[in-house]
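In what follows, a single structure is set out as structure tokens and then discussed.
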2 protein chains.
Amino acid sequence: MFTVKQLSKLAGVTPRTLHHYDEIGLLKPSRVGDNGYRYYGEDAVLCLQQILFYRELDIPLNDIKKIMGRRDYDVMGALQSHKESLNKQAVRINRLIQTVENTIEHLKGTKTMSDEKLFEGFSEEEQEKYALEAEQRYDPETVRESNRKWKAYSAAKKKAILVESSTIYKDMIAAMPKGAKSAEVQAIVERWRAHMDYFWTPSLEQLLELAKGYNDDPKFKANFDKMHPQLAAFMRDAVKVYVESKK
Amino acid sequence: MFTVKQLSKLAGVTPRTLHHYDEIGLLKPSRVGDNGYRYYGEDAVLCLQQILFYRELDIPLNDIKKIMGRRDYDVMGALQSHKESLNKQAVRINRLIQTVENTIEHLKGTKTMSDEKLFEGFSEEEQEKYALEAEQRYDPETVRESNRKWKAYSAAKKKAILVESSTIYKDMIAAMPKGAKSAEVQAIVERWRAHMDYFWTPSLEQLLELAKGYNDDPKFKANFDKMHPQLAAFMRDAVKVYVESKK
DNA sequence: CCTTGACATTAACGTTACGTCAGGGTTTAT
DNA sequence: ATAAACCCTGACGTAACGTTAATGTCAAGG
């Protein structure tokens, strides 16, 4: 039997947390003394550990109560939908990061890449040529669709998109030392994936194909090499890790 | 001049939000009529738009007030540090998604470990390294003895032993919902104890030490985590119950 | 002029998961 | 016996509004 303090140390929470869990009926003490003291037994310890596990997943206490309360509760379903919400959050946060970065870039203002440099590797004509080649390398319809989408953007929007992509690659280069499997790099891959939405929405397989293409297509490769000689290869590896972790 | 409703529609917020911003001094109406009505002018509209921009980045209203309050405030710095925090969140969420997915997989039970995966964490060389570390963690003579015994087995026998252990752990995972004190789990602990005989015959105290080691030794912990994120912790608890029931 | 409906106001509680006192008993050790 | 250390039960504070509730104001039509 443990007192609040003892159990709290054991589990790494504060006594207040235990009080709270008692209050909301999430974890009742095994026994309550005549003096009103709470006493917790082995089973309570295990139960608490379960609770803390779910809590770490950002599952609200109310849901945890449901999950652990009835034994016929659909735990799988709860986890599935929770995963959905986590995914949405991930996508959202990645967008936010992009926006913040764009804003920072914008504030820097003076130090912005000149338009020429930015468009250097992506002039309209070159874009056309790329497109033709890409049609043979990838699915023609997809490429055409992607091109249509790109052309529909305003000049300002185009620039913003290019700035965004350059930011992503810059961050990727900075994160390369962490390794392709690192959480940082994987987070950047997420951003990259979200960024692709400006052109089209690739499946996981296509995402990998695309990253491979960065290495195999000499034109693309050249543009990546300008930024960092290992970037293209690193991207391919990082995306591979990403894709495998998702399926 | 706009009234609350007009401005709220214009900006896509509720009147309550404007009330709130007035309350906390984030956005005061340009003028207040004798009837107490709030009236907002052009400048207020622009200001609100700025506020909503920052708000979308998940920046707390209090910080927004600071950012917009003094014109000498370090906006860049604020954005930079905010980006850091967003990055941390992104990393964290990705970890959570991983954990949830692992948990779902294990609940499905579909995760039939292939032989490779089974041996993955227990190749001959790695075994050696574990042994060295274990010697410092546990009793050296015991570890050496256990190693001798292991090496004496034929390859087929080794594989059979590993399969058996994986069966035990799989059963254990399946029985986790029953609780560490349940008869099912305690029966599995018995099987686990018997299984240990292939290596050595631990005393009750040593059995407990071993189970604890599964949690404290990062190498071991990693292998258990592969099977189920809570398995190591659960084993420790279950063995504790077992040992206490025996003495 | 009066009614009606749309709009305005302030006040105050609800939400989440506890942190942080405050005031007052209990246990343990000296 | 007395102090340290621990226990308890309130109860307010947090962030950013949502949501009634009770009530006052304005413009338009009968």
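Hydrogens, waters and symmetry mates are skipped; everything else that's a heavy atom, side chains included, is used. Here is how names work: the chains are called A, B, and so on, in the same order as the sequence lines, proteins then strands, and each is numbered from 1.
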When you get a sec, tell me which of [options] is the closest nucleotide to the side chain of [X]?
| X | options | answer |
| --- | --- | --- |
| B:L61 | D:dC17, D:dC6, C:dT9 | D:dC17 |
| A:T17 | D:dA16, C:dG19, C:dA8 | C:dG19 |
| A:H19 | D:dT9, C:dT9, D:dA16 | D:dT9 |

Please check the phosphate of [N] (OP1 and OP2 only) for any side-chain N or O of [X] closer than 4.0 Å.
| X | N | result |
| --- | --- | --- |
| A:R38 | D:dC6 | no |
| B:Y21 | D:dC17 | yes |
| A:T14 | C:dG19 | yes |
| A:N35 | C:dT27 | yes |
| A:T3 | D:dC7 | yes |
| A:R55 | C:dA17 | no |

What is the separation between atom [atom1] on [X] and atom [atom2] on [N], rounded to the nearest whole Å?
| X | N | atom1 | atom2 | result |
| --- | --- | --- | --- | --- |
| B:D63 | D:dA16 | CG | C1' | 14 Å |
| A:E23 | D:dC8 | CD | C1' | 12 Å |
| A:L18 | C:dA17 | CG | C1' | 13 Å |
| B:H20 | C:dC13 | NE2 | C1' | 15 Å |
| B:I51 | D:dA15 | CD1 | P | 17 Å |
| A:E56 | C:dA17 | CD | P | 15 Å |
| B:L48 | D:dC17 | CG | C1' | 14 Å |
| A:Q6 | C:dT28 | CD | P | 11 Å |

Can any side-chain N or O of A:Q6 pair as donor or acceptor with the backbone N or O of A:T3 at less than 3.5 Å?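 Indeed, once roles are kept as given, a pair shorter than 3.5 Å links the two residues.
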Ring geometry between A:F199 and A:H195 (parallel below 30°, tilted from 30 to 60°, perpendicular above 60°):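 Ring orientation of A:H195 relative to A:F199: perpendicular.
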Start at the 5' end of DNA chain D and walk down; is the nucleotide closest to A:G36 or to A:R16 reached first?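 In this pair, the answer is A:G36.
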Identify whether the distance between the nearest side-chain nitrogen and carboxylate oxygen of B:D237 and B:K181 falls below 4.0 Å.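 The answer is no: the pair does not qualify as a salt bridge.
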With a sphere of 6.0 Å drawn around CD of B:E42, does it hold more than 12 non-hydrogen atoms of other residues, nucleotides or ligands?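 For B:E42, atom CD is not crowded (no more than 12 foreign heavy atoms under 6.0 Å).
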Select from B:P15 and A:I24 the residue whose nearest nucleotide in DNA chain C is closer to the 5' end of that strand.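 It is B:P15, whose closest nucleotide lies nearer the 5' terminus.
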For B:F2 together with B:Y40, are the ring centres under 6.0 Å from each other?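 So the answer is no for these two rings.
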